[in-house]
Amino acid sequence: MDEFMQAAIAEARLGRSQGGIPIGSVLVRDGKLVSRGHNKRVQELDPIAHGEMDALRNAGRQRTYRDTVLYTTLMPCYMCAGTIVQFKIPKVVVGEARTFGESKEFLESHGVEVVILDSDECVAMMQEFIEAEPTLWNEDIMEL
């Protein structure tokens with residue numbers, strides 16, 4: 001697994017250690033890390049503080065995103081997928097889409113290349129979280 005997905009996983013683990021949801025993301029340009037982030041919905045009481053959104057916020061203002069790649073440990077939700085499309089991020093590398101994978105077709109239909117690594121580590125991290133915190137997970141995906 002490459003260094004950027006490892007950085008996203010480290011962000012996910014950091015978020016979980018803070019009592020949050022273990023989803024991490026990093027933004028990359030020209031083989032260099034631009035920013036990193038993790039889901040902070042619980043920590044900041046912010047319903048849109050998803051891992052992808054946190055990484056984009058942490059990148060600050062960018063002239064363009066057309067030359068970036070977004071790495072994320074879990075397939076983005078529709079909110080984050082919409083932001084990816086809006087910012088014209090051309091490629092998303094996803095740790096896993098078994099747990100949550102509904103936006104793949106949406107992203108691809110808007111020209112985004114989606115690469116799913118199907119990482120056992122990402123799957124296990126989400127399975128452990130969902131077993132430990134099913135109510136919080138259902139809140140996160142709006143399945144209450």
**Item:** Inter- and intrachain pairs under ring pair (Phe, Tyr, Trp, His ring centres under 6.0 Å), touching residues 108-142, at least two apart
**Value:** Phe106-His110
**Fill in**
Between the CG atom in Asn39 and the CD atom in Gln18, the distance rounded to the nearest 0.5 Å is 10.5 Å
**Asked** Between Val42 and Gly19, what is the shortest heavy-atom contact and its length?
**Response** CG1-O, 3.6 Å
**Request:** Decide side chain to side chain contact (heavy atoms under 4.5 Å, CB included) for Gln62 and Val34; before the verdict, give the C-alpha distance in whole Å, the side-chain angles of both, and the deciding distance to 0.1 Å.
**Result:** CA-CA 10 Å; Gln62 299 287 312; Val34 173; 4.1 Å; yes
**Asked** Can you find a heavy atom in the side chain of Met5 that is under 4.5 Å from one in the side chain of Ser119?
**Response** no
**Asked** Shared ILVMFWY cluster between Ile9 and Ile116, side chains joined below 4.5 angstrom?
**Response** no
**Prompt:** Do you know the tightest heavy-atom contact between Ser25 and Ala55?
**Reply:** O-CB, 3.7 Å
**Prompt:** Would a 4.5 Å heavy-atom cut-off, applied to side chains only, mark Met75 and Glu96 as touching?
**Reply:** no
**Message:** Applying ring-ring contact (aromatic ring centres under 6.0 Å, His included), can you list everything that pairs with Phe87, at least two apart in sequence or on another chain?
**Reply:** Tyr65
**Item:** side-chain contact (heavy atoms from CB on, under 4.5 Å) involving Glu102 - partner list, sequence neighbours excluded
**Value:** Tyr78, Phe100
**Message:** Just to verify, which of Val92, Val94, Val112, Val114 counts as forming a side chain to side chain contact (heavy atoms under 4.5 Å, CB included) with Lys104?
**Reply:** Val114
**Message:** In the structure I gave you, are the side-chain heavy atoms of Glu128 and Arg16 within less than 4.5 Å of one another anywhere?
**Reply:** no
**Prompt:** Which atom pair, heavy atoms only, marks the closest approach of Ile23 to Thr73?
**Reply:** CA-OG1, 3.4 Å
**Request:** Following the transitive rule for hydrophobic clusters with a side-chain heavy-atom cut-off under 4.5 Å over Ile, Leu, Val, Met, Phe, Trp and Tyr, establish whether Val69 and Val26 coincide in one cluster.
**Result:** yes
**Request:** Could you grab the distance from atom CZ of Arg66 to atom NZ of Lys88, nearest 0.5 Å is fine?
**Result:** 5.5 Å
**Asked** Residues two or more places apart in sequence or in another chain: which of them pass side-chain hydrogen bond (donor to acceptor under 3.5 Å, both in side chains) with Arg13?
**Response** Glu121
**Item:** Atom CD of Glu105 with >12 non-hydrogen neighbours under 6.0 angstrom
**Value:** no
**Item:** Considering all heavy atoms, the nearest Pro90-Thr68 contact
**Value:** CD-O, 3.2 Å
**Item:** Contact check, side chains of Val28 and Val93, non-hydrogen atoms, under 4.5 Å
**Value:** no
**Item:** Side-chain heavy atoms of Arg57 within contact of Ile48, under 4.5 Å
**Value:** yes
**Fill in**
Heavy-atom nearest pair, Asp54 first then His38, reads OD2-N, 2.9 Å
**Item:** Qualifying ring pair (Phe, Tyr, Trp, His ring centres under 6.0 Å) pairs with a residue from residues 3-27, counting only residues at least two apart or across chains
**Value:** Phe4-Tyr71
**Prompt:** Would you say the side chain of Leu136 lies within less than 4.5 Å of the side chain of Ile21, judging by non-hydrogen atoms?
**Reply:** yes
**Asked** How many angstroms lie between NE2 in His50 and OG1 in Thr83, if you round to the nearest 0.5 Å?
**Response** 10.0 Å
**Item:** Any residue meeting side-chain hydrogen bond (donor to acceptor under 3.5 Å, both in side chains) with Arg36, in chain and number order, not counting sequence neighbours
**Value:** Glu11
**Item:** Interatomic spacing from CG in Asn138 to CD1 in Ile130 - rounded to 0.5 Å
**Value:** 8.5 Å
**Message:** Rounded at 0.5 Å granularity, tell me how far OG1 in Thr64 sits from CZ in Arg29.
**Reply:** 7.0 Å
**Request:** Would you indicate whether the side-chain heavy atoms of Leu117 and Cys122 approach each other to under 4.5 Å?
**Result:** no
**Message:** Show the nearest heavy-atom pair for residues Ser35 and Asn58, with the distance to one decimal.
**Reply:** CB-C, 3.7 Å
**Item:** Residues Asp46, Arg41: salt bridge by 4.0 Å N-O rule
**Value:** no
**From Thr99 atom OG1 to Met125 atom CE, the distance as rounded to the nearest 0.5 Å** = 9.5 Å
**Asked** Would you say Val85 and Val115 are hydrophobically clustered, going by side-chain heavy atoms of ILVMFWY under 4.5 Å?
**Response** no
**Request:** Would you please say whether a donor-acceptor pair under 3.5 Å links the side chains of Glu52 and Thr72?
**Result:** yes
